[in-house]
Student: 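Below: one structure in structure tokens.
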Amino acid sequence: MGLGQTIRNSQLWKSIFRHPAPLDRRNRIVVMLTNFFLHLHPVSIKKQGIALSYTWCMGGVTFFLFLVETVTGVMLMFYYRPTTEWAYRDIMSLTDVTSLGIMRELHRWGAHAMVITVWLHMYRVFLTGSYKPPREFNWVVGVILLVLTLLLSFTGYLLPWDQLAIWAITVGSNMARATPILGHEGPGQQLLTLGGVDLITNMSDARYVLLGAREVSNETLNRFYVLHCIAIPLAVATLLAIHFWRVRKDGGISGPL
Amino acid sequence: MHGYDPAFQRAVSEFSGIYYLGAALMNAGAAYYLWQRLHKVRDALVWLAVALLFVVLAAIAQGGSPVGLPKGVQDTLNTIFTGNRGAVIFTVGTFAFLVFLYRFRTFFVRPRVAWTALNLALLYLGLSMTSRPFWEIVAKPDNIPIVALIFLLGFFTWLATYKAVQNDQRAREGLPPLEKEDSEKVLVWPDLVYTELICMLALTAILLFWAILIKAPLEQPASRADTPNPSKAPWYFLGLQEMLVYYDPWMAGVVLPTFIIIGLMALPYIDFNKLGNGYYTIEQRRFSYAMFQIGFLQLWVVLIILGTFLRGPNWNFFGPYEPWDAHKVLVLNNVNLSDYFWIDLMGTSLPKGGTVLGILKREWLGIVLLLGYLVLLPPILAATVFRKFFIKMGFIRYMIMVQLLLWMMLLPIKMVLRWTLNLKYIIAIPEWFFNF
């Protein structure tokens with residue numbers, strides 16, 4: 001008996017993988033049904049549904065990039081403090097002091113790539129008309145996920161606390177003060193008054209809620225950090241589960257009827 | 001303009017050498033494939049010759065002075081694409097180009113034509129890199145993904161159109177789409193699981209390679225006192241920043257983005273066409289295809305490219321080889337519609353805007369035009385060009401679709417009005433922060 005066979009016959013191995021290796025047809029079906037990570041997939045699929053020239057694999061690539069961002073992001077969190085005093089210095093030491101320090105590179109380039117692949121995924125789904133019935137609602141979930149991807153990137157942009165970060169977020173968030181009715185320089189801003197007192201000022205408008213202050217500052221850094229590391233990833237993870245589940249429930253990957 | 005800089009020369013030479021070598025390998029691979037798999041010897045020889053040409057370019061680049069786009073060509077392009085006119089030519093030109101590609105798609109999707117176009121694009125990019133202003137913007141680490149985006153979108157648009165053209169041809173012959181041919185079922189293990197594994201490994205390799213090769217940039221520590229010029233939003237929002245040229249922030253930054261998101265979400269509920277579900281086609285869904293491509297390619301991606309590569313200090317437009325000079329002054333004399341009406345047409349001064357009535361009197365023409373556009377146009381369209389849509393969609397669905405379309409079209413309309421009439425605001429009510 002070879003070493004491989006010995007391992008596969010051990011109690012430990014058998015307690016993890018309850019069935020023989022997926023070498024014959026029966027066990028190839030069983031593995032899809034009994035493995036937690038594989039059970040997202042169907043057991044069999046139309047050949048057309050897995051052709052790369054049809055799917056472009058962009059949804060899968062986006063999901064993989066989300067996992068890469070999660071892993072590298074957790075590693076970066078070990079070294080990073082979201083205060084104006086430390087943020088920039090911590091990023092500096094990531095480059096200068098930390099050994100094998102390419103986590104920030106992986107995280108940044110992965111983030112750029114994820115924005116691109118999520119657009120390409122949407123592009124493919126549109127071009128194949130895959131949003132049509134019965135997949136309308138899953139397209140809506142996908143649009144929300146796309147917006148959340150952009151927000152993930154946007155909130156992460158601020159964290160290095162360098163010139164690029166603070167000014168990109170300043171330009172981006174300046175728009176919020178022009179929000180109709182809810183921004184202090186937006187049309188209809190004077191509609192919300194109480195006894196002659198303006199309710200919408202630069203201390204209470206949409207931009208203030210976003211930044212936690214009147215300008216991009218320490219409060220903003222903390223707010224964006226929490227959004228970036230906890231709030232948005234949790235929302236994305238939840239919606240991803242729904243998105244994948246609905247792919248299966250709506251009849252699997254799209255194809256001609 | 002820039003003196004001789006050895007560091008820059010070295011960087012360009014090193015980059016060009018590897019870049020051209022990559023292009024050569026790509027063509028050699030294509031030649032090998034054509035020769036071995038498809039047995040097209042003559043085609044293989046052509047691409048082998050192209051590969052050799054790239055090898056020569058690589059060798060020259062390694063020698064220290066890569067071949068560049070002739071100065072005369074650079075200057076001509078800079079003269080055409082400059083100042084306020086440059087933005088107009090770029091925006092209109094890309095639209096005309098996309099329409100041209102669409103119109104003659106059966107020609108452009110031929111692999112031979114598409115491959116030639118790819119080679120020309122690679123050659124143009126390589127030759128342009130010797131220009132320092134071009135290099136400084138295109139080779140900026142954070143801009144590399146956007147260059148990649150252009151090539152990826154080009155490739156995938158070609159792929160989708162290639163398949164759509166085939167399917168449309170088959171539909172005319174009464175055949176089902178190609179995707180239907182492969183409806184045989186296979187087991188997910190191993191067919192899909194292994195593809196996924198290979199994709200993950202390839203992607204990991206690319207990311208690692210990218211991360212080791214190019215350092216993540218870190219600029220000077222944040223400082224409120226020192227505003228960079230230009231100040232740009234993150235790259236994927238540059239389409240919105242470009243809209244700021246034409247609309248105030250409440251429109252460009254809040255209302256239009258909201259409409260984009262709502263419009264995308266509403267898409268499956270307003271596209272009542274049952275054809276084209278689960279396969280590539282253009283002819284069976286021309287209208288939704290055209291509207292989506294105008295929205296996505298022209299009004300989103302093209303504006304991002306414009307904002308990233310061609311907008312410099314003070315958000316001025318700069319030619320592709322033009323140094324970003326912060327002191328360049330472009331005079332813009334934009335005029336409000338109310339000025340045109342009261343001063344130029346009526347020959348009087350603007351009515352006083354102290355009261356609500358005064359403001360309404362001053363801006364009546366713009367308000368009437370906007371209300372006419374948003375309120376009168378939908379029923380007129382329903383009775384004429386969108387007659388079939390209106391009957392099939394019903395009142396609510398039709399109104400939502402037509403409003404989304406009208407709001408999307410507000411951007412190109414305002415662009416054209418700005419370029420032709422220097423129109424600033426159709427409705428200008430700064431008293432209420434309501435400039436439209």
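Only heavy atoms go into these numbers, but all of them, side chains included; no hydrogens, no water, no symmetry mates. Here is how names work: the chains are called A, B, and so on, in the same order as the sequence lines, proteins then strands, and each is numbered from 1.
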Student: Considering only heavy atoms, give the residues of residues 196-206 of chain B separated from chain A by less than 4.5 Å, sorted numerically, with 'none' for an empty result.
Tutor: B:Glu196, B:Cys199, B:Met200, B:Leu203, B:Thr204
Student: So what's closer than 4.5 Å to chain B heavy atoms on A:Phe126: side chain, backbone, both or neither?
Tutor: both
Student: For B:Ile262, is it the side chain, the backbone, both or neither that has a heavy atom under 4.5 Å from a heavy atom of chain A?
Tutor: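 For B:Ile262, neither part sits under 4.5 Å from chain A.
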Student: Would you please test B:Leu267 and A:Val140 for side-chain contact (heavy atoms from CB on, under 4.5 Å) and show each step?
Tutor: CA-CA 9 Å; B:Leu267 178 63; A:Val140 176; over 6 Å; no
Student: Could you check whether B:Trp189 and A:His41, counting side-chain N and O atoms only, form a donor-acceptor pair closer than 3.5 Å?
Tutor: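 Checked: A:His41/B:Trp189 side chains show no N/O donor-acceptor pair below 3.5 Å.
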Student: Let me know if B:Pro257 has heavy atoms under 4.5 Å from chain A in its side chain, its backbone, both or neither.
Tutor: neither
Student: A:Val143 and B:Met265: which non-hydrogen atoms are nearest, and at how many Å?
Tutor: CG1-CG, 3.7 Å
Student: Name the region of B:Trp300, side chain, backbone, both or neither, that has any atom closer than 4.5 Å to a heavy atom of chain A.
Tutor: side chain
Student: Counting only heavy atoms closer than 4.5 Å, note whether B:Asp226 contacts chain A via side chain, backbone, both or neither.
Tutor: both
Student: Please state whether the side chain, the backbone, both or neither of B:Leu213 comes within less than 4.5 Å of a heavy atom of chain A.
Tutor: neither
Student: Is A:Leu38 close to chain B through its backbone or its side chain, or both, or neither, when contacts mean heavy atoms under 4.5 Å?
Tutor: side chain
Student: Between A:Pro180 and B:Val255, which heavy-atom pair has the shortest distance, and what is it?
Tutor: CG-CG2, 3.9 Å
Student: Give, as side chain, backbone, both or neither, the part of A:Arg108 having an atom under 4.5 angstrom from any heavy atom of chain B.
Tutor: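 For A:Arg108, the side chain is the part near chain B, not the backbone.
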Student: Are A:Tyr131 and B:Asn277 linked by a side-chain donor-acceptor pair shorter than 3.5 Å?
Tutor: no
Student: Which region of B:Lys232, side chain (C-beta onward) or backbone (N, CA, C, O), has a non-hydrogen atom less than 4.5 Å from a non-hydrogen atom of chain A, or is it both or neither?
Tutor: backbone
Student: Have B:Lys163 and A:Ser53 got a donor and an acceptor in their side chains that come within less than 3.5 Å?
Tutor: yes
Student: In terms of heavy-atom proximity below 4.5 Å to chain A, should B:Phe296 be classed as side chain, backbone, both, or neither?
Tutor: side chain
Student: With only heavy atoms counted, which part of A:Ile29 is less than 4.5 Å from chain B, the side chain, the backbone, both or neither?
Tutor: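 It is the side chain, since no backbone atom gets that close.
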Student: Under 3.5 Å, is there a donor-acceptor pair between the B:Gln293 and A:Tyr123 side chains?
Tutor: yes
Student: Using heavy-atom distances under 4.5 Å, tell me whether B:Val188 contacts chain A through its side chain, its backbone, both, or neither.
Tutor: both
Student: Is it the case that B:Arg224 places NZ or CZ above or below the six-membered ring of A:Trp167, under 6.0 angstrom from the centre and within 45 degrees of the axis?
Tutor: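 Yes, B:Arg224 lies over the aromatic ring of A:Trp167.
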Student: Checking heavy atoms, do the side chain of B:Thr258, its backbone, both or neither come under 4.5 Å from chain A?
Tutor: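 Looking at B:Thr258, nothing touches chain A.
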Student: Inspect the contact between A:Lys132 and B:Asp271 and indicate whether a charged nitrogen and a carboxylate oxygen are less than 4.0 angstrom apart.
Tutor: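 A:Lys132 and B:Asp271: salt-bridged.
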Student: So that I know where these two stand, are A:Tyr54 and B:Tyr279 an aromatic pair - ring centroids less than 6.0 Å apart?
Tutor: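 For A:Tyr54 and B:Tyr279, the ring centres are not under 6.0 Å apart.
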Student: Is B:Pro217 in contact with chain A via its backbone, its side chain, both, or neither, using a 4.5 Å heavy-atom distance?
Tutor: both
Student: Pick whichever of A:Pro187, A:Gly129, A:Ala178 has the most heavy-atom pairs under 4.5 Å with chain B.
Tutor: A:Pro187
